[in-house]
Amino acid sequence: MQNSSMQALTAAQKKAVKHLEGPLLVIAGPGSGKTRVITYRIAALIDAGVPPYNICAVTFTNKAADEMAQRVLRMGTPPGAQISTFHSLCVRILREFASRADTKPNFTIYDASDQAVTMKQAVKLSELDTSNFPPARMRDAVSTLKSRLITTSQFEKQADDFFSKALLQIYKKYQKILAENNALDFDDLLLKTAFLLEGSPDVCNKLGNRFKFLLIDEYQDTNHAQYRIAKALASSHNNICATGDPDQSIYRWRGADIRNILAFEEDWPDAKIVKLEKNFRSTPNILKAADNLISENQNRKLKKLVPTKPSAEEVEITCCEDEFEEADNLAEKIKKLAENGTSLSDCAVFYRVNSASRVIEEALIKNKIPYQIVRGVEFYSRKEIRDILAYLKILVNPDDQTSLLRIINTPPRGIGKTSIQRIRDYALNNNITFYEALKKPDNIKTLSTAPRKKIAAFFGMIEGFKKNLDSEIAPLIERVFVESSLKKSLQDAGEEKIDAIQNVEELINAAAQYDSETEKPSLLDYLQQISLFTDADSYDTITNKVALMTLHAAKGLEFENVFIIALEDGLLPHERSSNEHDQIEEERRLFFVGITRAKSLLNISFAKYRTFRGQLLRSIPSPFLYELGIDFQENSSNLQSRFSDTSSGEPYYESLNSTEQQPRFRKGALVRHPTFGLGRVQQFNDMGENSTVTIKFNTGQTKTLMLKYAKLTKTGK
DNA sequence: CATAGCCGCCTTTTT
DNA sequence: GGCGGCTATG
């Protein structure tokens, strides 16, 4: 690397870049250039004579990996370094060492929705009720176990209560189904890799020798499985460099273990620690607000945020009547920015829940402001996309029954439920797979002639697709789309399915891109890559559009102008995270992450009323707003419009009581009902004299009552 | 076997 | 307010 390019770095950054060998931990606040340090380190290593293929950098998202790879190239370094997420790295390792990892290389990767389908089967097979054991919750429970590398046999030892025992059965069945389908879920990718590395010293050595330098970004959000993989990979050479910021840990709910970063020095006793505290991103006002907020977290190590930018505009907190006014306000402000020459790609809107985007979208459309939503897996979870992908998946992995069952009668081709059950029974009795049973439908005596013919035709079609799986993907998808009649069925459905057709066309375009970028395109590789892909990865930073995303998706990004909306109690912090102190702290970190994305302009807004599940509800400003050290008005200009309301000055909820005859009840308030007794308010629906209140009574029952008839009295204070 | 319509369920964040 | 699943009907 040229010295001139090193001059772009601060002294602390240089220190981190230059320390090439041995364990290194970079603790760095937001906007301090930690990703930059990793990028420069890769270049510096190559500069020092390390072959690129000896370098393995792990990022948090595919998008981050892409950007890092490009930056390294732009620094004039030769390509060849492994730069990817943990999951992609694991796919690569598992495919190479499949036999040693007790898998086949052509495994299908199951995403959250496939997992839910599989889990449902597992619950049923365990002869348990899906209402007592909701598949989604069971999926999360199993996922948590797996991310901690707790196998069924290990869990067996600690499962002593009723629920755990049931969970164990479900877990076992779930794994069995996955194995039968030759499928791995996200957690398996990590778990299998971790056990492969720990259980096969020769494989571990081989990989340790290949990846002589391991660099991990966003280390605070690694889970236990990832931690064990990292440890195994670096065990032979100790060349591990991790960067992270405990204050930006926002994935605890997904198994991220903050202890990984806190205990780095114990794991690697001779670790060198570098702290980066200078912030090159945000103005002092923004940093002050961020610092005030995060200081409220008790469970944290003190860290400074030292501004380097000159002072500029104040952080603004806007109070709105409802979500529509909030959206209009926002659109108006962005419009003004654009008129003053700001590029729309410099503007971003963050929210806690995806559903908050809709109203914003509508306002932006109304004001003709182009935008893009950076959403999790929206695109790949569309029905038509999943259908096409299911066709493709069974081409490389015929054991994937989940995909096969999805499309055997999609579009309808006369192979109904009864026929499918008969095929299943036949396969089971003859100890063959479902797909094998389709080969000779005439052998399935329980089937009548019509379905037999249809099955034969279906089987022939699938086999026909199987020619040339190691060539370009785009033409294959096109062929599948047409020959499966999916295209025709969408066309016949008319107007409302036009989007669906366009989505498939978009998929074909993306596949063409893959074809042109990949040296040796293969369907297997394409599918395994795409399974780890999210919409956020295709987020385009160049186009002149406002970016809309969740606070989680905002991690790692930065924008000149940031709008954070819906700062209301129950939304941020989210009500599902309001029970434990730890959860509240994570919500606070989430807000912190959002704030620190802003370079110069930060606008935070909340609404006094918000429609929630179809009902207009009164909302309370987020407690976090009071922690920023910024004065704000709880009134908006046209406050009196729809509801007679607050006189300012008093705390919010109390002022509600004073103006109307009807008493109002805050969520969580303790009340007494003449017949049901004591209970706690779960929800208060403010509809004037028709207000209703939902109360969970101590008897266990939950009731929604009309306020004017229910003779409620407040207890306590 | 396919479809329409109804009911009840859930609804945080995502690699 | 949206979706999956179930049921009744053609």
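Throughout, protein chains are lettered first and strands after them, A, B, ... in sequence-line order, and every chain is numbered starting at 1. All of these numbers come straight from a predicted model, not from anything done at the bench. Side chains included, hydrogens not; waters and symmetry mates left out as well; all remaining heavy atoms used.
In terms of position along DNA chain B, the nucleotide closest to Thr418(A) lies nearer the 5' end than the nucleotide closest to the other residue of the pair Thr418(A) and His574(A). Nearer to the 5' terminus of DNA chain B, by closest-nucleotide assignment, is the contact made by Gly416(A) (compared with the other of Ser577(A) and Gly416(A)).
A distance of 9.0 Å separates CG in Leu191(A) from CZ in Arg228(A), rounded to the nearest 0.5 Å.
Contact annotation: Arg576(A) does not reach the phosphate of dT13(B) (side-chain N/O to OP1 or OP2, under 4.0 Å). In this model, the phosphate group of dG5(C) is approached by a side-chain N or O of Lys120(A) to a distance below 4.0 Å at OP1 or OP2. Considering only side-chain N and O atoms, Asn354(A) lies under 4.0 angstrom from the phosphate OP1 or OP2 of dT14(B). For the pair Thr611(A) and dG1(C), the criterion of a side-chain N or O lying under 4.0 Å from OP1 or OP2 is not met. Note on Ser355(A): every side-chain N or O is 4.0 Å or more away from OP1 and OP2 of dG1(C).
Each of dT15(B), dC1(B), dA2(B) was ranked by its minimum atom distance to the side chain of Asn409(A); first place goes to dA2(B). Comparing dG2(C), dT15(B), dC1(B) against the side chain of Phe186(A) picks out dT15(B) as the nearest. Set against dA2(B), dG1(C), dT14(B), the side chain of Pro412(A) has dA2(B) as its closest nucleotide. Which of dC1(B), dG2(C), dT13(B) sits closest to the side chain of Arg358(A) comes down to dG2(C).
Between His552(A) and Trp253(A), the distance separating the two ring centers is shorter than 6.0 angstrom.
Stacking between Tyr251(A) and the base of dT13(B) is absent under the criterion of ring centres within 5.5 Å and planes under 30 degrees.
Atom pair Lys454(A):NZ and dA2(B):C1' shows a separation of 11 Å (rounding to whole Å applied). dT14(B) atom C1' lies 10 Å from atom CZ of Arg139(A), rounded to whole Å. A straight line from CZ of Phe350(A) to C1' of dT14(B) spans 17 Å, rounded to a whole angstrom. At whole-Å resolution of the value, NZ in Lys453(A) and P in dC1(B) are 15 Å apart. Spacing between atom CG of Asp221(A) and atom C1' of dT13(B) amounts to 12 Å, rounded to whole angstrom units. A straight line from NZ of Lys417(A) to C1' of dG5(C) spans 9 Å, rounded to a whole angstrom. Taking atom CZ of residue Arg254(A) and atom C1' of nucleotide dT14(B), one finds them 5 Å apart after rounding to whole Å. Here the C1' atom of nucleotide dT13(B) and the CZ atom of Arg589(A) are 13 Å apart, to the nearest Å.
Using a 4.0 Å heavy-atom criterion, one finds that Phe86(A) contacts no nucleic acid atom at all. Residue-level contact check: Ser88(A) touches neither bases nor backbone, having no heavy atom under 4.0 Å from any strand.
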Arg588(A) and Glu627(A): CA distance, side-chain angles, deciding distance, salt bridge (Lys or Arg N to Asp or Glu O under 4.0 Å) verdict: CA-CA 10 Å; Arg588(A) 195 179 276 114; Glu627(A) 300 173 354; 2.8 Å; yes

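At a threshold of 4.0 Å, the pair Lys146(A)-Asp185(A) counts as salt-bridged, since one of the basic side-chain nitrogens sits closer than that to a carboxylate oxygen. Of the charged side-chain nitrogens involved, at least one lies within less than 4.0 Å of a carboxylate oxygen, so that Glu586(A) and Arg589(A) count as a salt-bridged pair. A salt bridge is defined here as a Lys NZ or Arg NE, NH1 or NH2 lying under 4.0 Å from an Asp or Glu carboxylate O, and Arg148(A) with Asp257(A) fails to meet this definition.
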